[in-house]
Amino acid sequence: MKKLIDQMNEEMCQAFLGCGYRDSYARVGLSNRPDLCEFQCNGAMALAKEYKKAPIAIAQEIAGKLADSEIFATVEAVKPGFLNLTVKEPYLAQYLCQMMESPDYGNEKTGAPRRIMIDYGGPNVAKPLHVGHLRSAVIGESIKRMGRYAGHEMIGDVHLGDWGLQMGLIITELRERMPDLVYYDEDYEGEYPQEAPFTISQLEEIYPTASGKSKEDAAYKERAMQATYELQNGRRGYRALLNHILNVSVTDLKKNYEELNVSFDLWKGESDAQPYIPAMVQKMKDDGHAYISQGALVVDVKEETDTKEVPPCMILKSDGASLYNTTDLATIVQRMEGYHPAEIIYVVDKRQELYFTQVFRCARKTGLVGQDTQLKFLGFGTMNGKDGKPFKTREGGVMRLSALLHDIYEKMYQKIAENDAMDHAMDKEEAEKTAKAIALSAVKYGDLSNQASKDYIFDIDRFTSFEGNTGPYMLYTVVRIKSILRKYAQSGKDASKSKILPASTSSEKALMIEAAKFNGVIAEAFDELAPHKVCAYLYDLANAFNHFYHETKILAQEDAQRQASAIRLLELCKGIMETCMDVLGFSAPERM
């Protein structure tokens, strides 16, 4: 189904051509003066010099050509050459009826679907998720959902940090605490226990303890480095311990991500990429891309157009050990061989942009990806506290993500218990479930409504408000619509066979225009990797509905046909809002 704006553009193009003008400037856009008109076209001013005419004269000609327009109710030429446009109410109502009858409200899937892998999450095993993991998870999940809605095959990968010295530290500390475990017996040839010798709570305490010891005890660190070396070179008992660490950590991580309504198709880690490293490194050497510099193996990635220095991409350290670069490049090999994606998107802290520039250039230069495979970096800003610094606990430490979610949940539950506007028919179980839904919307919308690349202030009081540009406000709007629809149905009425009628008030027409804009919103936001654009649309639609609601007595409407029309319009708005919320990763409860 064509977008409303595209249909307007087609008619405008015909008018330009009919008057003898090129149609390249016949573009309709939203009015920046909604008090004067709904849409605008400024093309006449761009043509004035070329056709040696006053722009107002050109605009008047085009306005005359559109006098019998099927779409525009008024076309007014205004000095110096603007075309102020309003849309016909019957045309707009017909367009909304077509949206109601079309799959996905008229949004067509892409005609060129791509397989796209998205790398987001990136937690380290054996460590709890903290607030620093929030943005990658929330933004990445929304990008994945938007891509699927647009018709692409999206594959989300958590990309666990499960390799390197941290594993050696855990193994070393475990050995000190439980030296008799069979995993340390190099002569053992039997099956290892299926149950891990530790819980997630113990594991989360073991790593920081081991890390602290390694900074004070050189011999301890040396043992940890040796354990890391032996693990990476295939020591059987250590590999079995790594499997336990992964199983316990991933089980816990899945629960934490589930609380955020975030999921992954793949739970691959850095360890999964290790088998690809030897052949990859050898090929880089054989092809003449990799060379020794100060003992390390590197690949030059600078380009003539660089305005800043881009250092070589280091592949192996002087002792032959791999680095993050090595693992990320091997992961690209793994992804290309296993999934053949047309595109890989990395949702990572924007401070890592130079690093990923090096990795992407190295991958392309050494032939790990072809010219037709896109590598994209979506860098996000920092989530800060009210002091403008990275968000911390009251004590100044890094806050666990679960603690943040719990704090917001408690705040929302108290609001439900105390707020007279809330539905007090809820029992405790429903109130708890509702509080979780509102808390999730507060966190996700609070993050996603900001442009990803920008830092933002995480203000719990503002994000949990039921007024303004917040998640709870979106939920409250949908719940209000649900309540009206429920009461209408309870009165024994049925609007399912009714049509949306032309608007009878300015607030109704404004709501209809906002609903009509939905076609293409999600696909365009996905193309720009910009979830904040879905949030902006959702906010505009919610505001338009609430303005209409406060000016209109829907359930008290005496004209049954007009009442049924309003109900159908509300059903459309509810469906659109729920679709937007779903791609942002949260949903509205039945009541609040």
Can you give me every donor-acceptor pair (side chain of residues 523-530, partner residue at least two apart or in another chain, under 3.5 Å) with its distance?
{"unit_1": "Glu524", "atom_1": "OE2", "unit_2": "Lys3", "atom_2": "NZ", "d": "2.3"}
{"unit_1": "Glu528", "atom_1": "OE1", "unit_2": "Lys533", "atom_2": "NZ", "d": "2.5"}
{"unit_1": "Glu528", "atom_1": "OE2", "unit_2": "Lys533", "atom_2": "NZ", "d": "3.4"}

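Scored by the salt bridge (Lys or Arg N to Asp or Glu O under 4.0 Å) test, Arg33 finds Asp35 as partners (sequence neighbours excluded).
Residues Tyr324 and Tyr355 keep their aromatic ring centres 6.0 Å or farther apart.
The side chain to side chain donor-acceptor pair (under 3.5 Å) analysis of residues 65-81, with sequence neighbours excluded, yields the pairs Glu11-Ser69, Thr74-Thr86.
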I'd like to know whether Arg148 forms a salt bridge (Lys or Arg N to Asp or Glu O under 4.0 Å) with Asp265, so could you lay out the CA-CA distance, the side-chain angles of the two residues, the decisive distance to 0.1 Å, and finally the verdict. CA-CA 13 Å; Arg148 283 182 181 161; Asp265 304 290; 2.8 Å; yes

I would like to know whether Glu141 and Lys144 meet salt bridge (Lys or Arg N to Asp or Glu O under 4.0 Å); could you show each step before the answer? CA-CA 5 Å; Glu141 180 71 15; Lys144 181 187 74 178; 3.2 Å; yes

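At least one donor-acceptor pair closer than 3.5 Å links the side chain of Thr579 to the backbone N or O of Gly575.
Residues Asn42 and Arg27 have side chains that never bring a donor and an acceptor to within less than 3.5 angstrom of each other. No hydrogens or angles considered: nothing links the side chains of Glu38 and Ser31 as a donor-acceptor pair under 3.5 Å. For the residue pair Asn469 and Tyr445, a side-chain donor N or O sits within less than 3.5 Å of a side-chain acceptor on the partner. Of the N and O atoms on the side chains of Tyr476 and Glu467, not one donor lies less than 3.5 Å from an acceptor on the other residue.
Asp157 pairs with exactly one of Gln334, Lys268, Arg335 by the side-chain hydrogen bond (donor to acceptor under 3.5 Å, both in side chains) rule, that one being Arg335. The side-chain contact (heavy atoms from CB on, under 4.5 Å) test with Pro341 singles out one residue from Met336, Met154, Glu153, and that residue is Met336.
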